[in-house]
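Heads up: the structure comes next, in structure tokens.
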Amino acid sequence: MTAIPLDSTDRQLLEALQQDARTTVAELAQRVSLSASPCWRRVRQLEDTGVIEGYHAHLSRPKLGYGVTGFVHLQMANHMPDIMAAFEREVVALPQVLSCHNLSGHYDYLIEAIAPDLESFSQLVRVKIRSLPGVREISTSFSLKEVKHGGTLPVG
């Protein structure tokens, strides 16, 4: 995949939007020394090219009742494309799973998941994740403290 070429104005817009996606076009335009219309067109182009994938609210896990964050390392029994595809379809459908990465190395996947408490997390792993297609081995770690969350992408 080829990176989209960005000039310094595009980079400033992206940095500003990563800090506060609710910034108005007028505020953005002032920040990058453009008038509102050209600023809006640039943001729209960044959206159309897929550089900006969307706008999201950052929610508090603890305030929504999710007190446990865990990381589940999975090793697959085999690597047949149909089994891997079935696994990926089913893991995407689990609302407690925040992210899932296909890895190199000993484990095939790393899942980040949340739950209200340890018992709920245990149920998620023992009942749902263990029964996903092709899973052979599971190793779980728990987050003791989140040091950085929702980092911004470097665009400079």
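Just so you know, these numbers come straight off a predicted model, no measurement behind them.
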Go through the steps for Met80 and Met84 under the test side chain to side chain contact (heavy atoms under 4.5 Å, CB included), then give the verdict.
CA-CA 6 Å; Met80 299 297 294; Met84 302 288 273; over 6 Å; no
Glu53, CD atom: more than 12 neighbouring heavy atoms under 6.0 Å
no
Could you go through the salt bridge (Lys or Arg N to Asp or Glu O under 4.0 Å) check for Asp7 and Arg42 one step at a time?
CA-CA 11 Å; Asp7 65 16; Arg42 279 180 175 260; 3.0 Å; yes
Closest approach of Ala113 to Leu124 (non-hydrogen atoms, all atoms of both residues)
CB-CD2, 3.7 Å
Nearest heavy atoms of Val135 and Arg130, plus distance in Å:
CB-O, 4.1 Å
Hydrophobic clusters here meaning ILVMFWY residues chained together by side-chain heavy-atom distances under 4.5 Å, can you tell me if Ile83 and Leu103 are in one?
no
Identify the two heavy atoms, one from Arg31 and one from Ala16, that lie closest to each other, and give their separation to 0.1 Å.
NH1-CB, 3.4 Å
With a cutoff of under 4.5 Å between side-chain heavy atoms, which Ile, Leu, Val, Met, Phe, Trp and Tyr residues group with Leu98?
Leu59, Leu64, Tyr66, Ile114
Is the shortest side-chain heavy-atom distance between Phe87 and Met76 below 4.5 Å?
yes
Under 6.0 Å between the ring centres of Phe121 and Phe142?
yes
Given 3.5 Å as the limit, does a donor-acceptor pair link the side chain of Asp108 with the main chain of Asn102, or not?
no
Is there a side-chain contact between Val125 and Ile138 (heavy atoms, below 4.5 Å)?
yes
Side chain to side chain contact (heavy atoms under 4.5 Å, CB included) between Glu146 and Thr69, intermediate numbers included:
CA-CA 9 Å; Glu146 186 172 58; Thr69 300; over 6 Å; no
Treating Ile, Leu, Val, Met, Phe, Trp and Tyr as nodes and any side-chain heavy-atom pair under 4.5 angstrom as an edge, say whether Val25 and Val51 lie in one connected cluster.
no
State, yes or no, whether a side-chain contact exists between Leu153 and Gln18 at a heavy-atom distance under 4.5 Å.
yes
Under 4.5 Å between side-chain heavy atoms, counting indirect links through other Ile/Leu/Val/Met/Phe/Trp/Tyr residues: same cluster for Val97 and Leu74 or not?
yes
Shortest non-hydrogen pair, Ile111 vs Cys100, comes out as CG1-SG, 3.9 Å
Quiz question: by atom type and distance under 3.5 Å, do the side chains of Tyr107 and Glu137 form a donor-acceptor pair?
yes
Look at atom CD of Glu47 and say whether more than 12 heavy atoms of other residues, nucleotides or ligands are closer to it than 6.0 Å.
yes
Do Gln96 and Lys128 make a side-chain contact, defined as non-hydrogen atoms from C-beta onward lying under 4.5 Å apart?
yes
Neighbour count >12 (heavy atoms, 6.0 Å) for atom CZ, Arg136
yes
Heavy atoms of Ser131 and Val127 approach each other most closely as OG-O, 2.8 Å
Any heavy-atom pair between the side chains of Ser143 and Lys145 that's under 4.5 Å?
no
Please say yes or no: joined through hydrophobic side-chain contacts below 4.5 Å, possibly via intermediate residues, are Ile52 and Val155 part of one cluster?
yes
Kindly check if the number of other-residue, nucleotide or ligand heavy atoms within 6.0 Å of CZ (Arg44) is above 12?
no
Less than 4.5 Å apart, side chain to side chain, heavy atoms only: is that true for Pro133 and Glu90?
yes
Any chance you could measure Gln30, atom CD, to Ser35, atom OG, to the nearest 0.5 Å?
12.5 Å
Working for ring pair (Phe, Tyr, Trp, His ring centres under 6.0 Å), residues His149 and His58:
CA-CA 10 Å; His149 179 78; His58 181 80; 4.6 Å; yes
Test applied, side-chain contact (heavy atoms from CB on, under 4.5 Å); reference residue, Leu14; option that passes from Leu6, Thr152, Thr9
Leu6
Derivation of the side chain to side chain contact (heavy atoms under 4.5 Å, CB included) call for Leu28 and Val43:
CA-CA 10 Å; Leu28 283 172; Val43 171; 4.1 Å; yes
Do Val72 and Tyr109 come close enough that some side-chain heavy atom pair is under 4.5 Å?
no
Using salt bridge (Lys or Arg N to Asp or Glu O under 4.0 Å), reason through Glu27 and Arg22 one step at a time and then give a plain yes or no.
CA-CA 10 Å; Glu27 292 168 335; Arg22 296 180 72 183; over 6 Å; no
Drop me the distance from Leu110's CG to His73's NE2, to the nearest 0.5 angstrom.
4.5 Å
Atom pair CG (Leu46) and CZ (Arg41), whose distance is rounded to the nearest 0.5 Å
13.5 Å
Do Leu13 and Cys39 have side-chain heavy atoms sitting under 4.5 Å apart?
yes
Could you tell me whether a side-chain N or O of Ser120 sits under 3.5 Å from a main-chain N or O of Pro116, the two making a donor and an acceptor?
no
Please report the C-alpha distance between Tyr55 and Leu17 in whole Å, then the side-chain angles of each, then the deciding distance to 0.1 Å, and finally whether the side chain to side chain contact (heavy atoms under 4.5 Å, CB included) criterion is met.
CA-CA 9 Å; Tyr55 300 90; Leu17 287 169; 4.2 Å; yes
